[in-house]
There are 2 protein chains.
Amino acid sequence: MATIRDVARLADVSVSTVSLVFSQPHRVSESTRLRVQQAVDHLEYRPNGTARDLRVRKTNTIGVLLHNLSGPFYSELIRGVEEVADMLGLTTIAAGCSSHQGQGSVRLLHEARIDGAIVLDPSIESKELLRYARESLPVVVLDRPLTHDFHSEYISAVAADHELGGYLAGNHLLDQGFRRFAFIAGPVDSGDSHLRHRGFFRALHRAEIDTVTIPVVYSDFTENGGKRAMGTLLEQGWKLDAIFAANDEMAIGAMQALEEHHVSVPNDVAVMGFDDIRLARYVTPSLSTIHQPMYEVGKTAMKKLEGALNGTSDGDVEILPVTLVTRSSTLAPLAKEGIS
Amino acid sequence: MATIRDVARLADVSVSTVSLVFSQPHRVSESTRLRVQQAVDHLEYRPNGTARDLRVRKTNTIGVLLHNLSGPFYSELIRGVEEVADMLGLTTIAAGCSSHQGQGSVRLLHEARIDGAIVLDPSIESKELLRYARESLPVVVLDRPLTHDFHSEYISAVAADHELGGYLAGNHLLDQGFRRFAFIAGPVDSGDSHLRHRGFFRALHRAEIDTVTIPVVYSDFTENGGKRAMGTLLEQGWKLDAIFAANDEMAIGAMQALEEHHVSVPNDVAVMGFDDIRLARYVTPSLSTIHQPMYEVGKTAMKKLEGALNGTSDGDVEILPVTLVTRSSTLAPLAKEGIS
DNA sequence: CCCTCCAATCGAACCGTTTCGATTCTCCCT
DNA sequence: AGGGAGAATCGAAACGGTTCGATTGGAGGG
């Protein structure tokens, strides 16, 4: 690879002049600018990014760290991030957090390869993030709350209003006339699942339903996990009207289990999810759920990051509203009677 | 941030010794190693990746450049890449190719920020890739053939056998007893779509069906595009048995259009897709399709890249087999009669 | 004709590592 | 005691840019 020195030699100017041609073209005379340009073309010179990053001590790159890159869910998020980053002249790179410690995306955090990070990956421990976050590397987390022991000047958060979502789901199911519920939760240490759980119970309390009678099964946010959780509920022979699953994947798994047990959805039991993934619209029956504005989350996260990069932080945590999406999986028994 | 010099000063050793502690610990005595380690911990020293990259002239990072990061389709691919990269001690980063020229992922290619690239993004022109690919930056393309004018020592390709897929699809539809076909193609400049098209027609020729009578509509690989394409076919009043769409998205769009026109799938007309995206299994009726082994593609691409990085190239292009996945959207009329 | 000023260009330091050859120190052998 | 081997450590030169203060040259004013 040709270096800036090669260009300088060929164009018979100093290195600094070549640099100037790129950074402040108006500062160099037309004739030399042309000469430099020719040399650049001829040598196919391309500036070395790592050298520049080293010198100016920033990379103009921000990282989006995800558990895995699957799902149209994440893609919306990244789209939001990219849109804002692009306007700011920043490059966005995404990294899944693969198996080996130290190998994968953590290297981006660890070795000053990015100027900021957006994190949505429960497998990266908060403790670790606290170590990495600093003035020159602010972090926005999307998957955990800012508690008193997870708190730093350089960490902020953006989240959908999970509690509200749980509440909306609960109210919707109540409005549809259901009374006997079960909840399929995510992993015990998932803050998101916990908040959804809480909102759900709040709605039930308000309707004076005794939540102590409600079975809760903890699963893992996967389709298969939801299926197994539903299997557990069915085996126990609970009398149930409606299932609220902490995400759509598990809700879809639950529907499969129900189908296999010849329980009709929503005639015998209603199912409600959370996230509004693309699949929710296509399964049969289509899945009622809570829509998370992932694109907005991405945009907001990037804006917060920008604020942190410029030292103009604008508060710790931003909560974005969610919306109820009613589809067929929670059709009311009454409505059905009215129709038939 | 503390630098290696700070550590050296605090531990009262030279900079090179500190470096040695990391790279070849056995070469430094236990006592100093301990002292250095303490200094590192105390200062929270972390090596600067860009400085190292500059010095050793490689980044140990490979980029996966995608059109957008959407779809479980891509995620499988990335999973395959990551698995291999991880074993090789390489970091994988993914970048969507957002709007602004020069801003986005191209910077990774342009500025020597990665050691190799895997490209699946038609919006990056082949011409451009030819400019970037070189010994120190080999490229594996996943979305285009290696033609005589797009050919370089440093570019190789991995692809699913699109032609075979088209052929399998054609044969399957013929086996099911369908005879009057339409093809919904991708963009005219999509090589993949073209190959699927070719394979499809080869199957029809073999069955002595006159392909001249077969309407072809070119669309854009999106669900909505498929819907509009199907609309066009329906308006023209073609008599049709079966639709073959060049990807699942368009096939699903086509099914929607058919439903809106009260044409039953597969009773009135069969629909077949290509890709085997996750959704295909869930739509109603479930979509017959051709399965592309994206995970394998990712792994193979990464292995090829590794070969190129080590100078042990193993041929230009690798074609991976595809498989037929039969579901409900292509149930045979005869079978149906047999059942009813 | 000389001085001043500004535009154009240059030289050199610096960013934080790695690496290689040189140096010092220790210990052992004859 | 002298010499040599080998381990431990060090110094300094890269890597390829950016940036700032210094230098040069020519135009314009008095």
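No hydrogens, no waters, no symmetry mates; every other heavy atom, side chains included, goes into these values. Here is the naming used below: chain letters follow the sequence lines, and residue numbers restart at 1 for every chain.
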Do A:Arg113 and A:Thr59 have a side chain donor and acceptor closer than 3.5 Å?
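Side chains of A:Arg113 and A:Thr59: no pair found under 3.5 Å.
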Between B:Thr61 and A:Arg107, is any side-chain donor less than 3.5 angstrom from a side-chain acceptor?
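On atom types as modelled, these side chains qualify, holding a pair under 3.5 Å.
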Picking from A:Thr92, A:Val297, A:Ile62, A:Val158, what satisfies side chain to side chain contact (heavy atoms under 4.5 Å, CB included) with A:Ile118?
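Passing option: A:Ile62.
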Tell me which of B:Arg27 and B:Val56 sits closer to the 5' end of DNA chain C, going by the nucleotide each one is nearest to.
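Result: B:Val56.
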Tell me which of A:Arg55 and A:Arg35 sits closer to the 5' end of DNA chain C, going by the nucleotide each one is nearest to.
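Closest to the 5' end, via its nearest nucleotide, is A:Arg35.
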Whether A:Glu153 and A:Arg134 form a salt bridge (side-chain N of Lys/Arg under 4.0 Å from carboxylate O of Asp/Glu) is what I want to check.
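No, no charged N to carboxylate O under 4.0 Å.
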Using a heavy-atom cut-off of under 4.0 Å over every strand shown, decide if [X] touches base, sugar-phosphate, or nothing.
| X | answer |
| --- | --- |
| A:Arg46 | sugar-phosphate |
| A:Arg52 | sugar-phosphate |
| A:Phe22 | nothing |
| A:Thr32 | sugar-phosphate |
| B:Thr50 | nothing |
| A:Ser16 | base |
| A:Val15 | base |
| A:Ser19 | base |

Calculate the interatomic distance between [X] atom [atom1] and [N] atom [atom2]; express it in whole Å.
| X | N | atom1 | atom2 | result |
| --- | --- | --- | --- | --- |
| A:Asn48 | D:dG17 | CG | P | 5 Å |
| B:His26 | D:dT9 | NE2 | P | 13 Å |
| B:Gln24 | D:dT9 | CD | C1' | 13 Å |
| B:Leu54 | D:dT18 | CG | C1' | 13 Å |
| B:Asp12 | D:dG11 | CG | P | 11 Å |
| A:Ile4 | D:dT19 | CD1 | P | 11 Å |
| A:Met1 | D:dG17 | CE | C1' | 12 Å |

Can you check whether A:Arg144 reaches A:Val119 side chain to side chain, under 4.5 Å on heavy atoms?
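They are in contact (side-chain heavy atoms under 4.5 Å apart), so the answer is yes.
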State, yes or no, whether a side-chain contact exists between A:Asn48 and A:Thr3 at a heavy-atom distance under 4.5 Å.
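They are not in contact (no side-chain heavy atoms under 4.5 Å apart), so the answer is no.
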Polar side-chain contact A:Arg5-D:dG16 base: donor and acceptor under 3.5 Å
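Side chain to base: pair found, below 3.5 Å.
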Positional range of nucleotides in DNA chain C within the contact set of chain B, heavy-atom, under 4.0 Å:
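So the contact region on DNA chain C extends C:dG16 to C:dT19.
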Ring pair (Phe, Tyr, Trp, His ring centres under 6.0 Å) pairs, two or more places apart, involving residues 109-134 of chain B:
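Output for this query lists B:His110-B:Tyr132.
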Residue met sooner reading DNA chain D from 5', once A:Ala51 and B:Ser14 are mapped to nucleotides:
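So the residue in question is B:Ser14.
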Within 45° of the six-membered ring axis of B:Tyr295 and under 6.0 Å from that ring's centre, is NZ or CZ of B:Arg79 located there?
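Judged by the rule, B:Arg79 and B:Tyr295 form a cation-pi pair.
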